[in-house]
Amino acid sequence: MEVATQSTIWDSILGVTKVAEEKGCDPLLWAIQISSNLGSVGIDLPCVELANILVSHICWENNVPIAWKFLEKALALKIVPPFLVLGLLSIRVIPYRRSCPAAFRLYMELLKLHAFSLKENTNLPNYQKTMISLDTVLHLSQSFSMRANEAGALLVLFVFSIVWQLVDVALDDEGLLQHTENDPKWPVKPQDMEVDDHNIYGEKRKEYRERLQTINSVMTIELIGQFLQNKVTSRILYLARQNMCAHWENFIHRVDLLVENSSALRNSKTLKPEVLLHLISDSSKITSQHSQANLLHDIHPMVQSRPLVNAASLCLGTSRSALWLPLDLLLEDAMDGSQVNATSAVEIITGLVKSLQAINATSWHEIFLGLWMAALRHVQRERDPIEGPVPRLDTRLCMLLSITTLVISDLIEEEESVALDEFEYGLGSKHQVTRKRRMDLIFSLQNLQDYQSLLTPPQSVIPAANQAATKAMLFLSGINVGTAYFECISTTDMPINCSGNLHHLIVEACIARNLLDTSAYFWPGYVNGRINQLPQSVPTQVPGWSSLMKGASLTPVMINALVSTPASSFAEIEKVFEIAVKGSNDERIAAATILCGASLIRGWNIQERTIYFITRLLSPPVPIDYSGDDSYLIDYAPMLNVLLVGIAPVDCVQIFSLHGLVPELAGSLMTICEVFGSCVPNISWTMTTGEEISAHAVFSNAFALLLKLWRFNHPPIEYGVGDVPPVGSQLTPEYLLLVRNSHLVSSGNSLKDPNRRRLAQVASATSSKPIFVDSFPKLKVWYRQHLTCIASPLTGLVNGTPVHHTVDTLLNMMFRKINRNQSVITVTSGSSCSSGLGSEDGYLRPKLPAWDILEAVPFVVDASLSACAHGRLSPRELCTGLKDLADYLPATLATIVSYFSAEVTRGVWKSVFMNGTDWPSPAANLSNVEEQIKKILAATGVDVPSLAAGGSSPAELPLPLAAFVSLTITYKLDKASQRFLDLAGPALESLAAGCPWPCMPIVASLWTQKAKRWSDFLVFSASRTVFLHSNDAVIQLLRSCFNATLGLNSSFCISSNGGIGALLGHGFGSHFNGGISPVAPGILYLRVYRSIRDVMFLREEIISLLMQTVKDIAYGGNIPKFEKKLKNLKNGPASLAAALTKVKLAASLGASVIFITGGLGLVQSLIKETLPSWFMSIHQSEQDEGKNGILLMLKGYVLAYLAALCGAFIWGVDTSSSSASKRRPKILGCHMEFLASALDGKISLGCDPATWHAYVSGFVSLMVRCMPTWILELDVELLKRLSGGLRRWNEEELALALLGVGGVGSMGSAAELIIETEF
């Protein structure tokens, strides 16, 4: 019945309208009557149904002027909803615009009248119903492939659709629509219809109709311009641009086509092609007032200069280089050889580069130049490094010429692959595939030539640099020579100067990875000249890579040449790999030797390929004809041993780490250890050098290398930070295999990340199946025993068991030369005991598998140490026995290390006097070590405790430490012992550092007497332990870092200018002029923090240091000058800008320290717990400072930068599949909930309101401009609450920007805010 009534009403309304048209009734009277009729039956206005009826009535049976006048009056009096009428007319009128040009003209006039009155129309009743009806009519949600239920979101789609239709109309009118890549979303192409006699466009007026069509085309263009220029609609279109990127790109391509080809656009008097192009290409200006995060304007109204994030020219110290301080710190941190990283340096640096590029708002040209300069400073900082078991120049050159190049290569590939993907999905044109980053790389490399002091090559690199320069010179001279010629040539043979530098090596590295071509050789100043012919004195052929590629055999001379010269191409190194896989045993050994030579260390252009092949050879394929019960790896023992020895040096291990192949290396080593550790050493292999190796040797080399891949002698509890599980930050066997297996899983997917694609390739090549610790039962048993030994006193030896028998056998072997008739050593564990007799019965070394020996070693060492403690063994006999055990099976050194480390921490052993009689004495140079430590720490302001043990008493060490250091100094510093000292050295340092002061200086003194050339390294190591016994010393060190970087309180600083040079220095060692000098505080901190067991205290301390630093910046470090300083800040924008730049630099240093020190756990704890707690606390310092508004706001901004930088460093600024970024929504959501609750008044704050205001506005501004991806992950309702709080602070621009980047969910709210405020 109700439906029938409604039908009767609409029939009545239509009848009244037709009668009024026939009578020529006044539109106002008609409108009043219609409104009265609808009101009498309870229909609210504006009426959606009436809109449909009136438009249907006009199109096309009653397309007469009076009908249009009625419709216009209904719109003016809001009897019908304007938006719906415009939507209905668009799909009815546009297709018939040629046959009915007047109707199209009237439609555009109505657009002008009503499409821009958004505030008025959105406040009408039935607005939600209107927009839903509009969605039904225009299929907005379907056309834009999104679910939009809010009226505000539908309004954005409606405005976008209107402009889109107008663009398609303009294209179609000029025959250009067919050149678009996608069909129109709405009917645009003209439809034919017969024109009634009463239509004003009869045959006689054809000329007028055509002229009107031309006018309409120009008006269409101008109307498009009005939508893009109008303050409100342009902002709404910008919302579409932000949140509907794919559709916006499609739209932009249509406008571009119009700009390039439209005659109507060229004929327009109000809109020119260049203006329209500007409107679509520079739409970001719509929110520029906010998006640039002009923090200067927030503080100082008169400042209208560039925003703080762009004020790089005001950086202090080394000018713009200070922007890249986190990069310098990260690169330097990678040089700590005490621990490797399971994550590729390429991945870490790439993420950091993206974060810095976003936060600093720099171009890619600037970021590439900054990255190159940071890597060059990294090399120059230690061009003459101190000697010791630490990474040296080769690792730094790897960072510059291999890792940095790969980072840039991946960034360029990322940009170009995205452009290609857009082309494939029809979102762009192939000719528009951008190469901007590639061009920015070229500009950055050309600019590098201006920094000659950074480009000077270290002595050992000069030949390679000269060869690169010679190659370019010959190319420009038109002389075509092969690689064989470069193997023979020397710069002394050339008639002109061909000296090169690091710039030539960088360019060659980029050419090798297809980032550049040889046109780089033509850059001004790149080469010194040209020659006409080759020197006659140069031989044409010598043994080398070119000879190998021509089929020459691997003679000893050839092998030596290939070992000493790096391969120049992938084909050359692949040839060696094929020999290693398919060749004879001798050829395998030769190939392995070559791979571990110069190609690994200095083959920068193919370094990752060399490492890849070495990793594959450590898991060689099963021979086709292999059959037998033993592992096939036994037959590869000689080749495996060569590889294990070849990659054992610290630099090699670190190079594997930088390339991210530690997890794959660990998987291969575990397999080798499991196999050879289970073998009875009754067989041996003779190497080509004549050396004889056994299964024990192969196992020991593999085992020692495996243990270098994680801090095996440290208790796992050290790695737990905050609420993050320890496994996330600890390099354990389980974690390494977990990472390795993740690479394998990734290999099955289509990977867009080039670095992950490389790692996946290696993982799948070594083993196609996941690997777990359970796959290695022997290793698992040892590992459990190892953890048990560290965690609790030794127990579990049962009399009569195989382990008990092995213990007896080993004790007899170790102490066979002690000529006594009684038991000298007793092992007691529970109810069992074992005695080692001082007889010759155990002279022959037992033939036992390595795993069986390792299981017994803790009991053997425990018994030996107990015997020494009770006087049954002399210290000399103890050390001799332990050395015999380590010589018998070098891998036992690892178990000895873990046992001694555990026993020292338990504190149950008495100390022994290092008197030079029983134990070695450090007295000869202990005082010298003390003086050198004081010199090293002079720049920190930290007091060095006296090394005097009290009067004339000799130095003391805990017995386990005394035994361990005495054992290590029995080793020779030769190549054979070096790989085991590299294992024991960090453990010895860690063990000594954990003991009371001055144990580490005593150890350094003892070792200095043995290895004088390591003196600088040992003294530096001893100086670091000053900070491990006092958190106050660590805080003072950090204070020195801030002061040095910012040039504040320079009484203790190396340089008063500040910057990276003051923070990290320019090298260290007694070989410099003047001998030992103060070490830069940044270097000290980077070498100390890994040994700080509880880093959580750094959260509060960093904030405290930042607050003091901001105060020093504002006051200039001089309180009496406060009034003058404050006056400068108030009246001088430049002074304020400089202060803000320093504030940002301080935050950058603080964020870098937190990121590097504690990683994910410390950053998340800071953001989730520490910062909220700080804001809720009352700070006495703020009350003392009164109402110094500028200082209070600076404090808020420094914390905003700290939080933003910490989050960006650890989570990244874009979408990522990393485990850290997956935690981002939860932690960030918690922090933003705190902000919203405080803004809503639900949380009481203790800090000053000015500080809180500055923090919130600064942090949100940085997120909006630099990390919009973060906002997309937040709850929409949370964003609305934050926006509301910001509006209560009159921060409408920021509130709008926050909603604008919040995705489709908040787009409607953003549109409503734009309309309400009419920005």
Side-chain angles (χ1 to χ4, degrees), residues 309 312 320-336 341-364 366-378 396 398-400 402-412 414-415 437 440-441 444 657-660 729 753-756 1045 1060 1063-1064 1082 1086 1089 1144-1145 1147-1160 1162-1164 1166 1201-1221 1224 1262 1266-1267 1269-1270:
V309 290
R320 293 190 69 83
S321 63
L323 286 172
W324 321 120
L325 180 142
L327 269 176
D328 284 80
L329 286 170
L330 184 67
L331 298 183
E332 194 60 46
D333 180 57
M335 293 302 105
D336 190 335
N341 203 328
T343 306
S344 165
V346 176
E347 179 179 339
I348 297 172
I349 296 172
T350 300
L352 186 61
V353 164
K354 289 181 179 180
S355 299
L356 291 174
Q357 192 270 338
I359 294 284
N360 292 324
T362 54
S363 66
W364 284 105
E366 289 178 293
I367 193 68
F368 288 155
L369 182 60
L371 179 57
W372 285 123
M373 293 180 67
L376 285 166
R377 285 192 296 269
H378 182 63
R396 293 176 182 270
C398 165
M399 186 69 83
L400 169 66
S402 185
I403 299 300
T404 302
T405 312
L406 285 171
V407 168
I408 293 176
S409 174
D410 290 355
L411 288 169
I412 290 174
E414 176 187 69
E415 179 192 50
R437 292 184 188 176
D440 284 340
L441 168 63
S444 71
S657 174
L658 294 179
H659 284 279
S729 56
D753 184 337
N755 180 62
R756 298 198 177 196
T1045 304
I1060 295 172
L1063 177 65
L1064 297 177
L1086 290 175
Y1089 79 84
K1144 182 184 175 184
L1145 183 58
S1148 177
L1149 176 58
S1152 301
V1153 169
I1154 291 174
F1155 165 60
I1156 290 173
T1157 304
L1160 178 65
L1162 197 60
V1163 168
Q1164 293 187 166
L1166 172 80
Y1201 273 116
L1202 177 72
L1205 286 166
C1206 281
F1209 292 167
I1210 205 71
W1211 294 326
V1213 295
D1214 55 9
T1215 56
S1216 171
S1217 59
S1218 67
S1219 58
S1221 64
R1224 181 172 63 204
L1262 287 168
C1266 307
M1267 291 87 70
T1269 304
W1270 292 11

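Numbers here are sequence positions counted from 1.
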Do [X] and [Y] come within less than 4.5 Å of each other through their side chains, counting heavy atoms only?
{"X": "E366", "Y": "L323", "result": "no"}
{"X": "L331", "Y": "R377", "result": "no"}
{"X": "V353", "Y": "W364", "result": "yes"}
{"X": "E332", "Y": "R396", "result": "yes"}
{"X": "I367", "Y": "N360", "result": "no"}
{"X": "H378", "Y": "L327", "result": "no"}
{"X": "M1267", "Y": "I359", "result": "yes"}
{"X": "L411", "Y": "T350", "result": "yes"}

* For W1211, which residues count as a ring pair (Phe, Tyr, Trp, His ring centres under 6.0 Å) partner, sequence neighbours excluded? ->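 Once residues adjacent in sequence are excluded, the partners of W1211 under the ring pair (Phe, Tyr, Trp, His ring centres under 6.0 Å) criterion are W1270.
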Testing the basics here: between [X] and [Y], what is the closest heavy-atom pair and its distance to 0.1 Å?
{"X": "L658", "Y": "C398", "value": "CD1-SG, 3.8 Å"}
{"X": "L325", "Y": "S1152", "value": "CD2-OG, 4.2 Å"}
{"X": "A345", "Y": "I403", "value": "CB-CG2, 4.1 Å"}

Got a sec, which residues hit side-chain hydrogen bond (donor to acceptor under 3.5 Å, both in side chains) with [X], two or more places apart in sequence or on another chain?
{"X": "E347", "result": "R756"}
{"X": "T1157", "result": "Y1085"}
{"X": "S355", "result": "none"}
{"X": "N755", "result": "S344, R758"}

Using atom types as modelled and distance alone, determine if a side-chain donor or acceptor of [X] lies under 3.5 Å from a backbone N or O of [Y].
{"X": "T1045", "Y": "L1063", "answer": "no"}
{"X": "E415", "Y": "I412", "answer": "no"}
{"X": "S1148", "Y": "K1144", "answer": "no"}

Got a sec, which residues hit side chain to side chain contact (heavy atoms under 4.5 Å, CB included) with [X], two or more places apart in sequence or on another chain?
{"X": "S444", "answer": "H365, F368, L369, W372, L441"}
{"X": "D333", "answer": "L1086, Y1089, R1090, I1156"}
{"X": "A1151", "answer": "L1202, L1205, C1206, F1209"}

* In a check of side chain to side chain contact (heavy atoms under 4.5 Å, CB included) between W324 and each of L352, L356, L330, which one passes? ->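 Testing W324 for a side chain to side chain contact (heavy atoms under 4.5 Å, CB included) against L352, L356, L330 leaves exactly one candidate, L356.
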* To do: Apply the side chain to side chain contact (heavy atoms under 4.5 Å, CB included) test between S402 and each candidate in T405, T404, L406; give the one that qualifies.
  =>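 Answer to the side chain to side chain contact (heavy atoms under 4.5 Å, CB included) test with S402 among T405, T404, L406: L406.
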* Between I349 and L371, does a side-chain contact (heavy atoms from CB on, under 4.5 Å) hold up when you go through it step by step? -> CA-CA 9 Å; I349 296 172; L371 179 57; 4.1 Å; yes
* Listed once per pair and sorted, the salt bridge (Lys or Arg N to Asp or Glu O under 4.0 Å) pairs that draw on residues 348-361, sequence neighbours left out ->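 Matches after skipping sequence neighbours: K354-E414, K354-D1214.
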* Evaluate the criterion side-chain contact (heavy atoms from CB on, under 4.5 Å) for residue pair L1149 and L329; output intermediate values, then yes/no. => CA-CA 9 Å; L1149 176 58; L329 286 170; 3.9 Å; yes
